[in-house]
**Q** 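Below: one structure in structure tokens.
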Number of protein chains: 2
Amino acid sequence: MARVTIEDVALEAGLSVATVDRVLNGRAAVRPQTALRVEKAIRLLNYQPDRLAARLAKGQEYRFCFVLPEGNNSFMIELGEEVRANASRMVSERVHIDLRLTDVFDAATLAATLDSIGDIYDGVAVVALDHPRVREAINGLVERGVSVVTLVSDVPSSKRSHYAGIDNSSAGRTAATLMGRYLGNKNGKVGLIAGSLSLRDHIERRFGFEQVMLHEFPHLSILPVLESRDDWQRVEKVTAQMLADHPDLIGIYNVGAGARGIVTALENAGRQKQVTYIAHELTDYTRRALVDGTVDVIINQNAGHEVRSAVRVLMAKADRTPLIEAMEHIRIDIFVRDNLP
Amino acid sequence: MARVTIEDVALEAGLSVATVDRVLNGRAAVRPQTALRVEKAIRLLNYQPDRLAARLAKGQEYRFCFVLPEGNNSFMIELGEEVRANASRMVSERVHIDLRLTDVFDAATLAATLDSIGDIYDGVAVVALDHPRVREAINGLVERGVSVVTLVSDVPSSKRSHYAGIDNSSAGRTAATLMGRYLGNKNGKVGLIAGSLSLRDHIERRFGFEQVMLHEFPHLSILPVLESRDDWQRVEKVTAQMLADHPDLIGIYNVGAGARGIVTALENAGRQKQVTYIAHELTDYTRRALVDGTVDVIINQNAGHEVRSAVRVLMAKADRTPLIEAMEHIRIDIFVRDNLP
DNA sequence: TTAACTTTGATAGACGCCTATCAGGAATTG
DNA sequence: CAATTCCTGATAGGCGTCTATCAAAGTTAA
């Protein structure tokens with residue numbers, strides 16, 4: 001039961017350790033037939049290189065950078081904290097993680113940031129705006145050999161090697177199904193509030209939501225989308241207006257941040273109980289609102305998972321190791337009052 | 001930016017590597033003041049021992065055993081596959097995992113299995129029946145220095161060091177909330193089917209479900225629990241009977257396995273659309289039923305997560321490393337048609 | 001057949017830490 | 001004060017792999 005080492009393989013193949021190492025790491029020319037002997041021995045003994053020893057010997061270090069939006073969006077703050085937590089934990093694994101905050105909503109700024117960090121890092125994870133300028137910056141990084149993972153919001157047309165985030169159109173569809181089922185056979189209007197219609201995640205959620213609403217629950221009518229820029233005060237204003245304009249409003253789906261504004265508006269109108277309200281992202285605020293019944297469902301993406309997954313992917317890309325796909329799928333969490341973590 | 005090694009610490013503290021090592025690993029007596037000097041140097045340099053090197057040097061191997069139920073329950077089969085997948089992946093990390101299938105529903109058999117494996121393993125993960133005999137067996141393992149993690153179903157009164165699974169009473173409450181909200185203001189009866197009322201997870205789900213139903217949705221009446229032993233043919237029989245007896249049945253919550261039986265019974269009665277059906281565990285079967293609308297909601301626990309979490313916990317226990325609690329929390333997944341993975 | 005090249009063997013040293021041993025210095029005891 | 005006991009230093013060897021170098025075969029070309 002002892003460990004199979006490279007030496008055992010050499011012995012089994014009747015070759016030297018040096019030769020085995022040469023085929024394992026493609027270091028120098030080896031005759032094909034010799035390589036075959038090595039491979040046979042490896043299979044026979046079921047040899048698996050000791051990754052601990054390998055990484056120790058190579059002294060390999062990973063340098064990654066996470067680029068997140070600055071500002072006071074609770075979810076993004078949590079994401080930043082997860083990055084920091086991961087960074088300190090990974091030091092003992094020889095992984096160094098830096099965190100940069102930028103105005104990701106401004107394509108030029110974001111692109112400039114990405115352009116400037118190419119040479120220092122082995123990999124970059126970024127919450128990216130889907131904009132030609134940003135796409136170019138991402139492609140530039142990739143071409144310089146830096147692997148890029150998009151986080152939370154994707155840029156599918158770029159050459160990024162992975163997207164660590166939820167499927168946002170599924171999230172929108174999920175919200176619609178729950179909204180429709182919760183409302184049952186009631187009739188009325190449903191409002192949709194989005195942060196910004198230039199962020200891909202919000203667009204996709206809206207798309208998914210409307211798709212299912214139109215097909216499955218045609219008796220509910222959707223109001224025109226309101227844009228909130230993820231600022232709770234603005235959210236409150238537009239929500240209050242919507243409530244005033246539509247006494248028959250029975251559902252609200254908030255695609256972005258700023259839950260606080262909706263809660264306040266609903267409370268001011270005294271209509272918390274009449275309106276089914278579905279929010280995104282579990283924060284202190286949405287949590288409290290869910291517990292007290294103002295929010296009915298929270299659709300969430302787990303920031304910790306996303307960060308850890310991004311790191312795993314970046315590591316795998318860095319040393320060309322295959323991914324375990326199933327492990328990197330970020331699920332859409334649904335929270336009702338009873339399954340809060 | 002080079003790595004801080006134990007040598008740097010020794011230099012900084014004006015001591016020898018040997019002494020620093022003594023402090024780090026509590027190998028021999030060291031004067032308190034000397035220890036303080038070492039600790040100060042460690043803090044100053046922010047020294048973090050290289051885990052790779054440490055594990056390589058110690059030549060430490062972990063030997064774990066997973067004890068799962070035999071039989072053809074889809075979820076348990078998936079769990080077994082996850083164990084196997086993990087086992088082969090972890091070889092390169094010096095972790096050896098064995099898998100044993102037992103009749104976990106028979107306390108004596110399960111206890112005997114647990115009793116017999118004590119000396120070979122550093123840790124055991126077990127899907128355990130909550131029974132005095134089993135509890136004793138678990139405690140016996142713990143006393144012999146084997147850490148034990150309960151998987152999927154807990155034995156809280158035992159000395160197990162961790163439970164890797166979902167909070168089942170929360171799961172039950174979640175099912176009730178969704179059932180109540182989906183049914184809206186309809187009136188009628190709700191049936192509850194359990195696999196076995198001696199498995200703790202089923203008991204807790206039932207408890208949670210009934211609790212919320214009684215308090216939040218008193219207009220819905222719950223039928224007496226039916227026991228199915230997780231066998232789909234039996235499930236079908238009792239469901240068919242229930243449908244025949246109660247024409248006003250509008251909801252079914254199946255706490256255990258055997259979704260297939262319910263689907264068949266509903267189809268035979270032609271009442272798929274009239275009955276809101278909430279099932280547990282995402283399998284090929286429940287998945288298909290969810291897509292075609294027979295099942296309305298699936299409550300799931302992620303087998304892969306549970307297995308990986310159990311392994312991490314066992315490793316942490318084996319070398320007395322602290323756990324990252326948040327990472328080991330197993331969430332209750334809710335699936336509707338739109339957020340299937 | 002000799003020269004030139006290709007393929008393999010043997011081996012040393014490194015990576016950072018652990019374990020063990022021995023010797024010398026310090027502190028304690030009587 | 002000497003005789004213990006207690007702390008500390010120095011150092012060697014190992015964990016499994018990687019990297020590099022040099023020598024010894026083996027192969028091909030001239």
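We use all heavy atoms of the structure for the numbers below, so side chains are in, but hydrogens, waters and symmetry mates are not. Quick note on labels: first sequence line is chain A, next is B, and so on, each numbered from 1.
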**Q** For Glu143(B), check salt bridge (charged side-chain N to carboxylate O under 4.0 Å, His left out) against everything at least two apart and list the hits.
**A** Lys159(B)
**Q** Reckon Val17(B) touches a base, only the sugar-phosphate, or nothing at all at heavy-atom distances under 4.0 Å?
**A** nothing
**Q** Return yes if some donor-acceptor pair links the side-chain N/O of Arg37(A) with the main-chain N/O of Gly14(A) below 3.5 Å, else return no.
**A** yes
**Q** Is the distance from OP1 or OP2 of dG9(C) to the nearest side-chain N or O of Thr19(A) less than 4.0 Å?
**A** yes
**Q** Would you please name every residue forming a salt bridge (charged side-chain N to carboxylate O under 4.0 Å, His left out) with Asp122(A), sequence neighbours left out?
**A** none
**Q** Closest approach to the side chain of Arg22(B), judged atom by atom: which nucleotide of dC18(C), dG16(C), dT21(C) is it?
**A** dT21(C)
**Q** Using five pairs at each end of the helix from dT1(C)-dA30(D) to dA23(C)-dT8(D) to define an axis, what is the angle between those two axes, to 10°?
**A** 40°
**Q** Going by salt bridge (charged side-chain N to carboxylate O under 4.0 Å, His left out), name the pairs with one or both residues in residues 42-54 of chain A, residues two or more places apart or in two chains.
**A** Arg3(A)-Asp50(A), Asp50(A)-Arg94(B), Arg51(A)-Glu93(B)
**Q** Quick one: is Tyr47(B) getting a side-chain N or O under 4.0 Å of the dC17(C) phosphate, OP1 or OP2?
**A** yes
**Q** Pick base, sugar-phosphate or nothing for Leu15(A), based on heavy-atom distances below 4.0 Å to the nucleic acid.
**A** sugar-phosphate
**Q** Take Gly59(B) and Ala18(B), find for each the nucleotide of DNA chain D with the closest heavy atom, and name the residue whose nucleotide sits nearer the 5' end.
**A** Ala18(B)
**Q** Could you pull out all residues at least two apart from Asn25(A) that satisfy side-chain hydrogen bond (donor to acceptor under 3.5 Å, both in side chains)?
**A** Asp21(A)
**Q** With sequence neighbours excluded, what pairs up with Asn73(B) under the side-chain hydrogen bond (donor to acceptor under 3.5 Å, both in side chains) test?
**A** none
**Q** In whole Å, what is the span from the CD atom of Glu7(B) to the C1' atom of dA14(C)?
**A** 13 Å
**Q** Which residue is it: Leu11(B), Ile42(B), Leu24(B)? I am looking for the one with a side chain to side chain contact (heavy atoms under 4.5 Å, CB included) to Ile6(B).
**A** Leu24(B)
**Q** Going by the rule ring pair (Phe, Tyr, Trp, His ring centres under 6.0 Å), which residues pair with His305(B) if we only count those two or more places apart in sequence or in a different chain?
**A** His305(A)
**Q** Using side-chain contact (heavy atoms from CB on, under 4.5 Å), reason through Tyr47(A) and Asp8(A) one step at a time and then give a plain yes or no.
**A** CA-CA 9 Å; Tyr47(A) 167 71; Asp8(A) 301 323; over 6 Å; no
**Q** Rounded to the nearest 0.5 Å, how far apart are CG of Leu79(A) and OG of Ser74(A)?
**A** 12.0 Å
**Q** Over all heavy atoms of both residues, which pair between Asp130(A) and Pro156(A) is shortest? Give the atoms and the distance, please.
**A** OD2-CD, 4.2 Å
**Q** With a 4.0 Å heavy-atom cut-off, tell me which residues in residues 50-57 of chain A come close to DNA chain D, sorted by residue number.
**A** Asp50(A), Ala53(A), Ala54(A), Ala57(A)
**Q** Not counting sequence neighbours, which residues clear salt bridge (charged side-chain N to carboxylate O under 4.0 Å, His left out) with Glu12(B)? List them please.
**A** none
**Q** Please find the earliest and latest nucleotides of DNA chain D, in the 5' to 3' direction, that have an atom within less than 4.0 Å of any heavy atom of chain B.
**A** dC7(D) to dG16(D)
**Q** Carefully, step by step, assess Leu36(B) and Lys40(B) under the rule side-chain contact (heavy atoms from CB on, under 4.5 Å).
**A** CA-CA 6 Å; Leu36(B) 280 179; Lys40(B) 199 175 140 205; over 6 Å; no
**Q** In residues 31-44 of chain A, which residues come under 4.0 Å of DNA chain D by heavy atom?
**A** none
**Q** Between dG16(C) atom P and Gln60(A) atom CD, what is the distance in whole Å?
**A** 14 Å
**Q** Listed by chain and number, what are the salt bridge (charged side-chain N to carboxylate O under 4.0 Å, His left out) partners of Glu78(B), not counting sequence neighbours?
**A** none
**Q** Take the protein atom CD of Gln48(B) and the nucleotide atom C1' of dC17(C), then report the distance between them rounded to whole Å.
**A** 15 Å
